[in-house]
Amino acid sequence: MLSAEQIINYQAPSDCLKDRIILITGAGDGIGKAAALACAQAGASIILAGRTVAKLEQVYDQIIDAELAEPTIYPINLEGAVADDYDTLAVNIDQQFGRLDGLLHNAGVLGQRTPLSHYRQDVWDKVLQVNLTAPFQMTQALMPILEKSGDASVVFTSSGVGRTSRAFWGAYAVSKFAIEGMVQTWAAELDELGSVRVNAINPGATATDMRAQAFPAEDPQGLKYPAAIMSAYLYLLGPDSKTVNGESINAQTR
Ligand code: NAP
């Protein structure tokens, strides 16, 4: 495995994702959008999953305009989705592609920035549903078609507050701690298999709508933009990380 610094500075070989089928959740905005564009640029066929179709269509158009492999739009609201929806997703991907080579669980919600003693139950439920339960259920349903790949990579999105919590980060921090733990469990269970690896990525402070929601007074000019943190994503989704399993890596030093 590369060192932490080498991963952040990783220069993905062009076409490193050639002919790979990669599903990205929350692909219409922020880091997910940048990941969809970067992975398409590296040769992958992207399944753009998300809840706002107009945003997914914009990403679709950008990929087509760049004359890259035609992506697929898959509308899904992770807040309301149930096991049957993920089974349907698996059937659709299997019928269209016959396998899945990459799964980037990127979609997430921040919830409230408030003390736990005042945290609303409905917000708690929503944050854990979107950030934790949905990626768990989706991974479970897609595992058979990931196994068909022979070299599949599942990447869950963590956060700095998923490793060391801070006051007022509520359900968001709890969901990211749980993601870190779930990655270790999946990785241990799949280690023998050797064909599906599972890792976590912490994007670090990145100029997106979520970051602005969390730090409204911050000047985004001082942050990296999503397109500038893609090295670690390409590393984890590409063949150079084939033996990396159960790790939690950083996409930038911050
Ligand atoms: P963002 O700009 O707010 O984008 C979040 C994405 O998730 C959007 O595409 C959004 O779709 C989608 N999403 C939210 N709720 C959804 C639902 N119910 N169903 C389907 N899709 C849903 O956030 P971001 O900063 O790019 O965050 C991406 C990931 O990185 C998140 O997991 C976040 O926790 C993590 N992260 C970000 C930072 C940072 O500094 N930005 C730091 C650490 C970790 P819509 O556009 O339709 O709302």
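In listed order, ligands and their atoms are each counted from 1.
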Protein contact of atom 5 (C) of ligand 1 - nearest heavy atom, named by residue and atom, plus distance: G108 O, 3.8 Å
Could you find the nearest protein heavy atom to atom 35 (C) of ligand 1 and give me its residue, atom name and distance? T157 CG2, 3.5 Å
The closest protein heavy-atom partner of atom 21 (N) of ligand 1 is A107 CB, 3.8 Å
Taking distance alone, with no angle check, do V130 and ligand 1 share an N/O pair under 3.5 Å? no
For ligand 1, which atoms sit closer than 4.0 Å to a heavy atom of I76? 19 (N), 20 (C)
Would you say ligand 1 has an N or O under 3.5 Å from any N or O of G204? yes
Option set M210, H105, K176, criterion heavy-atom distance to atom 27 (O) of ligand 1, minimum: M210
Could you pull out, from V53, N202, N77, I229, the option with a heavy atom nearest to atom 18 (N) of ligand 1? N77
Looking at atom 11 (O) of ligand 1, what's its closest protein heavy atom, distance included? R51 NE, 3.7 Å
Atom 34 (O) of ligand 1: the protein heavy-atom neighbour that sits closest, reported with distance to 0.1 Å: Y172 OH, 2.6 Å
Starting from atom 29 (C) of ligand 1, what is the nearest protein heavy atom, named by residue and atom, and what distance separates them? N106 O, 3.0 Å
Below 4.0 angstrom from a heavy atom of V109, which ligand 1 atoms are there? Numbered from 1 as shown, please. 14 (C), 15 (N)
Any nitrogen or oxygen of G26, main chain or side chain, under 3.5 Å from a nitrogen or oxygen of ligand 1? yes
So which bit of T52 gets within less than 4.0 Å of ligand 1, heavy atoms only: side chain, backbone, both or neither? both
